[in-house]
Structures are given as structure tokens and as C-alpha cells.
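For reference, the structure discussed in these notes is given below.
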Amino acid sequence: MTKSYEDLPLTPIADTPSTMNLTGLWRVVRPLVDKSKCKKCTTCWKFCPDAAITLVDGFPVIDLNYCKGCGICAHECPSKCIIMVKEGEA
Amino acid sequence: MPHNLHEHSVSPLIEVRFHGRGGQGVVIASEVLAKAAFRMGYEVSAFPFFGVERRGAPVTAYTRIDSRPIRVKTNIYWPDYVVVLDSSLLEGVDVLEGLKVKGSVLVNWPDGKKLKDLPSKFRRFVLDATSIAASHGIGSQTAPIVNTAILGGFARICDAIELEPVLETIREAAPVKKQENVAAAREAYERTIEVTP
Amino acid sequence: MVKTTIPEEEFTYPGSTGCPGCGANLVMRYLLKGLGGRTVVSIPACCWAVMPGYWPSNCLKVPLLYTAFEATGAAISGLRAAFDVKGVEDVTIVGFAGDGGTVDIGLQAMSGAAERRTDAIYVMYDNEAYMNTGIQRSGSTPYGAWTTTTPVGPKHEFKKEPKKDIMAIMEAHGIPYAATVSVAHPEDFVKKAAKAKKIKGFRFIHALSPCPPGWRMNPTQTIEVARLAVETHYFPLYEIEEGKLRITRKGKGTPVSEFLKLQGRFSHLTEAEVDSIQKTIDEAWKRLLDREGPEA
Amino acid sequence: MRMVMTGNYASAYGAKLSRAEVIAAYPITPQTSIVEKLAEFVSSGELKAQYIPVESEHSAMAACIAAETAGARTYTATSSHGLTLMHEVLMWASGARLPIVMTNVSRAMAPPWSVWVDNMDSIAQRDTGWLQFFCQNNQEVLDTIIMAYKICESRRVMLPAMIIEDAFILSHTSEPVDVPDQEVVDRFLPPYAPELKIEVGKAMGFGSLVKPDQYMEFRYKDMLAMKEAAERVKAVEKEFKQVFGREYGGLLEKYMCDDAETVLITAGSVAATAKDVVDAMRARGARVGLARIRAFRPFPHEELRALASKVVGIAVLDRSYTFGAAGAMFTEVKASVYSCHKRPVMKNYIAGLGGRDITTKIISNIMDDMAVAAKRGVEDEVEWVDVAGLPRRWR
């Protein structure tokens, strides 16, 4: 929403985390993690350009609010525990 | 009606034009004169002819002296005094251009050599600033720096300017050889003579 | 507990507006992991000037100063001077620019900053063309590549000139540290960033940064293509510390065709042209080995 | 203490007394002695500052922008081609709301090459969002630098300022300048303390990408800041006078205008000479006056309108020319005056380009010409003065 000039700072200083941008909406394919096959190697976490993967007990948790579906995690996973599926399927 | 009537109505008390060559300290001479006059309580301004000349090229610089604050920022067209630091400029440069009738010209001129070709409607003064500067070891023997000596001579020819403030200013401004520069100016003051027709 | 091979702490937020599979996103992510939170980054016009998002969004957890396209070198000098005069110590100043902003329009300001020995790290993320404006050729675009300003038409045109050797240019400035890094080797990347942080003076990091739209490739292959760049010696990983060169990853010397064939921007090349690229790479690699010498 | 010094040294002393903390500069004739003097102040320890010897004017301004964003008070100086090379980043400085102060030694643009005065360089930057002060003497140069920091750093302004010093006529002319004591300046000008600056560990992006739905609001704020600046110029000068005893007439200095029929409007060093001319003409009985545009930005609209309603003729002397239009000061003065109920006759005189001397005689001739035009009407609205080949003689 457009703010009144009176409510704006002197100059546009960006001070809000980019988590305000739900870039997950861009996604057409979605990663699915098969925890049973995961060896906790952290490769997917390491290569995620969007820092959208966090490690919980060593397992990857993908934040679908931000994952753009690039598929790097699936492509790089050595144990092939991540697959990409079309949004709306599976 | 003299062509410079209009200029007279706004011109300051004293306007001086210095002629010399790049590297001789012409611009510094104009500034030191201004500072000496300022020391005496005058208002002043000093400026070079704003060129891009390099070492050896003819250079001019100007000083204005007045009892009131100086506002005018134009060139000086009708000087009261002309000071020539290098006599070789008498050939080729019209050093007397615009000099007021009854104005004075001071030339750095070798002792004993006859000064010719300067019209007698101006007061003419000579001073062997080169020999004086050389004898005090200012600059090199082949290229003595004459700007401090010539200012001693100027104090002699200009009633409004006293020698002591000129010497004080030289003492303050000279980066090296302060005593020698002061001594040269003092000697120059003594040795400046008017050329009689 | 699982141990990660690079620092776990993140200095970038999700929600950046970079393209899916963007290499430049990873360059920033790894860089800040190596440098830590007491870092100030200056970014000129480039993809990264857009990636933090529309105001008030910011995807960095450290201060960010935007600057004009050609001005990164000057901006980091200004930042360092301000912190020095204010007595702010223990801060790493980073200039973070694309290849156009570095080897082309920003070369003068960067050279000035290097010559002045500005205490800062300059990072060039090299996606080998003006990608922010839509894939126009830069001085860092390699021989053979298609771009929108080196179109491949009926006369079989493409970029005929080799890439500017920015590492050699920066080394010639006599800077204390210069290194190449790749998003396919984050451990090597983070180690070099951390090393650069400890050195004083002007440091330069050249990061190869695959660009899926600009290289006409599948975003899933960003890491694979970056890895092949190293393996094929297209983009060797090395560092030059006080004039001493050390190759940090030798690579297998895989044929460069393996690297090229993943990218649509090279798809028009004939076998002979690929061979000539291979030859150029082999010669450069040999020079690099010779330069490193036997002791390493 | 009163000292005899050039305009360039007056600039350097102004920056030193203002305690500039970061100086980034690139040499250009005739600005060089400013930065040489400042480099000397820094190396001798007289000024606690960082001096960045940048490789271009563009970088000088970009470095000042970065340093100022990080909370340092910055200063730079340039001239002509240097200023125009900065053009892009000048807009950056004002858009980022950074109160940088810069001296521009105003010099003609090439080609043909000229190192001499005219104001084309400064006038070409009029739309960059900088305050522009045209100075008439060296004292004003020094004083205006100190005042400019105070005006520009005030919270509702936060815009940069350009102090314009005519090439050679001020830059290389020595005249008495009162150099105030540091303690007095310190009391007048507190340290720079911006509300927002780059702080290590604090995630903030300076100069972010703004969508069309908010860009205009930011620009509107800049416009308000420039309006506020007009008020601050007057208020700060009042305060300056109380402390230092000098004043310059705010945005528009009026000299002998009260009962004047013909007024000359101009800016810069020529205005100082024009005061002598006004005195001389008044001694002959001519009802003439001078209005000096001291601040070209913010422009003195109100002051000009008040003045215009009382006079018969206004001559605007521009030391620059906007090709395809007229002198910039002329068009702006005319625009200001247009909606006045009673409008004077106006004429534009283009003079003094590329260092051509504007003599006292030229100035009085302009005023005489204007007085005649006010009675008989204007034939040539824009007249080029003292151009060889034109029929009219001005000297």
C-alpha cells in the first residue's frame, strides 16, 4: 500500500528482511524430501541459492514460502532423496 | 576627454602591474606587496594575469591598494605603477600600456647602463635587482630571484608604501634565506634611482 | 550432531529476488559466511542491486550501500575513510560488483582503489555478460558465447574476442591477495574469503557465477556447470598471495565440450571452434602450472 | 584573524574550520590549490581528516557519498569538466539526502579549451538537487562553507551544497579574509550527527529500489527539503551575523534597490564590481541598483517578486548561456516575475564567457541600455555583450 510522504523516511533505507517477499510463489516444481533416504550430508543446504533450506536434526527442511523450485538440491543430492514434482501434483 | 575617465571614477588608490617571466616570482611579488600594504592598514587585492604560461614565458601580475574595501574584480587597465622584473621584456612587451600620465615605472636594470626608449612623461626608476639578489645569494648566480629586491625598490618609489612593512612581509613570506631576502630588499631600497631626462 | 562443511550461520535472508538457481546468490551467501557479520557491502548497478528486493526489503544481514555503476572502487574507499576517521575498527569493507561493473565501466574506480591500497575486499561475481539488463556482451564474456549484442545470425556470428583477464590486471596492481572461487566449491570459497579477511590492503576475489537465463541452461545445473568449469580448467581455482600463485584445485582436465554443451549460449559452435577453445584452455592451464612451479 | 589569501585558500580554511572529516578530491585547474592546502592541513595534523586521492571527480563524489552515508562530514572541490563528470553522482548525493559541501571553482567548458571563468559548469547542474551559492568575494567563500554545513545538516534539509567561486577572479586573487577562531566556529557548527547512518552490524540498505507507487513521494520530500533550505539559509545567516558580524543578504542580496528604477540582477564576482558601478552611477544621479542572486538553488522567487513590483527595468547579466533559450538566470527571474501584478521591462545580457573581463564600463553600459529599453521597449531580449563582429560597442 502506498504510504503518505509524511510516513516515509528521509531516504529509502531498506531495513526489513527480504522474508517479506514470498518468492515461493514463483515455483512451478516443488522439492520433496524422502527423509528415509537422507544421509544428512547437508549438500542440499549448502547449495541452496536462496538459503531456503534449514537443517533440523541434520535433515533438510525446505521453506516453501521462499523455495523457487530451481531443483539444485535434487540435482546435487548424492543419495537422491529429493525429487522435484509439479506444483499441484503429489 | 581621456579614454579612461570612466575607470577613474571607480578605481582604487593605487594600481600596480608587475611584468616578469614565469619562474621569477612575479605573482609572489604582487602578493607580498599586497600583504605589506595590508600590514600598513590598507585594503588590498593581488592577482596574476590568469594564464597557463610555463617557465620563461612573459607573466603579469597585479596589486590593488586602497583605503576602503576593494570590490572591483576587473583587470587593471590603467595602472599607477609598472614594475619590470626582467629588462629583456622591454623588447616585445608593451610594459607601459595604459600607464597613467605621471605614472611611474620601475625597471630591474644593470647599474651604469643607459636606460633608453622610455618616454619621459612617466617617472622612470631603475634598480640593479639582479646584481643585488646575486650578491645576497638568492636563487642561483645565473638566475637570481629578484622579486624581493624589486619590492625594496618599490617601497622607495611609492610614497604610500613604507620599507619596514615590506621587509616584515618578506621575512614572513620567504620560505628560505629570510635574512638575505630582507637584506637584498633593504639594499635595493637604497640603490633605486630615478632616471632624469 | 551433523557437522556442516561451511559455517552454519547465515548472513542472507530467504526472499531475494534473484532468478531460480542464481549463482550470484550463492556467491554472496558463501562470501558472508567467510567474512562474518562485521562486514559492510557496497553494491553498484548489477543483478545484486535488484536482488535484495523492492524497498524496504533487504536480504542481507549486514549494512548495504548502493552506489553508481562505475563507482564501487570509490565507494569502498569512502567507507574505509569514514570508519578510519571515526575510529571504527575490525570491520571488513566489501565492494561487490558484477563483471560489467568491474572489468568495463567500473575498472577505473577499482584500479584507483587498488592503487590507493584501500583496505577492502573487492568481489567480482562473474556471470560473463550484462545479465541485469538482459544478456548483453561484456568485456568478461568468453570467446564463442552468444549474447543479445553478439547474436548468432546467418553469418554465424558470436563473441569473437576473448575474455578480459581480470586476475592478471589485478595482480599487476601489486595487491597482496587475489583468488578465484566457484559456487561449486563452497569450502574452498569460504576458506579464501576468510583468508582475505585477515590480510590488510586491497584484495580481489573473482567468482564464477553461473546464470541460468543468460547461459541458457537449466537452473538445476548451476552447480554442475560451475563444477565442470573447474574440472575442465575453463575456470581454474587458484590464489595469488604476495605474488605467489597456488592452484587450490587441480581438476581432472575433462574436455571443455562437457562444460560447453550444457549451455545454450555455446550451442552454435562447430567442432573446430570447440577444439580451438580447448586449445586455448590447455595453453592457459599449462601457463598456470608453470607459474605455480614444482614446489607446490 | 584577518589574513590576505586567495579564494582557494579561503575554501580550504572554510573546510578546515568546519572540521571536514573525509576529503576526496581530484585536481583540476584552477581548483588545485584548494586540495593542495587541505592535503597539507591533513598531513601536518592541523586537520584530523582522511584525504582520499581519488582517480577522478566521479570517484571523488562517489567516495564522499559513501563516507557521508557512514556518518562522516565530507568536503570536496572541483571545477568545470570535473563538475560535469560528477553529474550522475551529484544527483545521487541529493537523492540520498547527504549534506556534502563542495566548492566549484566555476570555469568555462571546452571546446574550445578555456581555464577561465564562466558559470556554465554550475548552471548545468542546477537540476541536481544541490543548493548553489554564488560568492562575490573570498570572505563570502569561507563564511558560506561554514554556513552551508549548518544549513544542509539540519534535519529537515539534509541536502548537499555547492559553493561557487569564480575561476581566477576569486580562486587566484588574494584579498583580506577574516579567519574566525576554531572555538567560535565549533560553537556555531556542532559535529555532524545524522539520524541514520551505516552502522556495523545493523542491516540497512542505503539507496534501495523503489517502485513507482512510492518514488514520487520521496521526490516530493526532496522538494520540501529544498523549500525548507530557503528558510534555513536566512535563519542560519542571522545566527552567523550574531556570532561573526557578517551577512550576505540571504538568497538575494539587494544593493541600493530601495528607490531604484533600473536594477541589475547577476551573480558571482561580477556583482562585487557592479556595486562600485552602482555607486559611481548614483553619484551622477542615476537611480540604479543591484540585486545579487546569492542562492541560485533554492531560487529566491519571493524576493525577486517583491523587488520586481517596485522597479521599471531589470537587466539580467548571465555569465553562461542555455543554448536554444537564453541565460538561465534570466529565464528563471522572468518566470518568477511573470505572475506579478506589475511587471518591469526585462532584458538579458550574456557577458563574460570564458574569462572575458566584464569591465566597469560594460556594466554601466548595460545599465544605461536597460534604462533606455525600459522607456522605449525591448528590441533584442537576449543580447550578447562585447562580441567582436557585432555592431554594438560595449567597452
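Letters A, B, ... are given to chains in the order of the sequence lines, protein chains preceding strands, and every chain is numbered from 1.
Neither the backbone nor the side chain of A/L25 comes within less than 4.5 Å of any heavy atom in chain C. Neither the backbone nor the side chain of C/V27 comes within contact range of chain A; no heavy atoms are under 4.5 Å apart. Only the backbone of C/A184 comes within less than 4.5 Å of a heavy atom in chain A; its side chain stays farther off. Using a 4.5 Å cut-off between heavy atoms, C/K61 does not touch chain A at all. Heavy-atom distances place no part of C/P63 under 4.5 Å from chain A, backbone and side chain included.
The minimum heavy-atom distance linking A/K46 with C/Y30 is given by the pair O-OH, 2.9 Å. Here the closest heavy-atom approach between residue C/P14 and residue A/A51 is recorded as CG-O, 3.4 Å. Here the closest non-hydrogen pair linking C/S16 and A/S18 is N-OG, 4.0 Å. Summarising the geometry of C/V183 relative to A/F47, their closest heavy-atom pair is O-CE2, 3.4 Å, with the distance given to 0.1 Å.
Options C/L64, C/T4, C/T5, C/T12 differ in how many heavy-atom pairs under 4.5 Å they form with chain A, and the most are formed by C/T4. Ranked by heavy-atom pairs under 4.5 Å with chain A, the list C/N58, C/N25, C/L60 is led by C/N58. Ranking C/C19, C/G18, C/P52 against chain A, the residue ahead of the rest is C/G18, based on heavy-atom pairs under 4.5 Å. Counting heavy-atom pairs under 4.5 Å between each of A/M20, A/K40, A/H75 and chain C puts A/H75 at the top. The choice from A/T19, A/L55, A/N21 that makes the most heavy-atom pairs within less than 4.5 Å of chain C is A/N21. With chain C as partner, the option from A/T42, A/D50, A/D63 having the largest number of non-hydrogen pairs under 4.5 angstrom is A/D50.
You'll find the side chain of A/I13 stays beyond 4.5 Å of the side chain of C/P56, heavy atoms only. Using a 4.5 Å heavy-atom threshold, the side chains of A/P12 and C/Y66 count as separate.
Put simply, the residue from A/C67, A/P49, A/C70 that forms a side-chain contact (heavy atoms from CB on, under 4.5 Å) with C/P20 is A/C70.
A 6.0 Å sphere centred on NZ of C/K252 holds no more than 12 heavy atoms belonging to other residues, nucleotides or ligands. Within a 6.0 Å sphere centred on OH of C/Y54, heavy atoms belonging to other residues, nucleotides or ligands number 12 at most. The 12-atom threshold is not exceeded at NZ of C/K191, counting heavy atoms of other residues, nucleotides or ligands nearer than 6.0 Å.
By a heavy-atom distance cut of under 4.5 Å, C/P219, C/T220, C/Q221, C/T222, C/I223, C/E224 are the residues of residues 205-226 of chain C near chain A, going up by number.
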Decide side-chain contact (heavy atoms from CB on, under 4.5 Å) for A/W45 and C/I6; before the verdict, give the C-alpha distance in whole Å, the side-chain angles of both, and the deciding distance to 0.1 Å. CA-CA 10 Å; A/W45 166 81; C/I6 55 172; 3.6 Å; yes
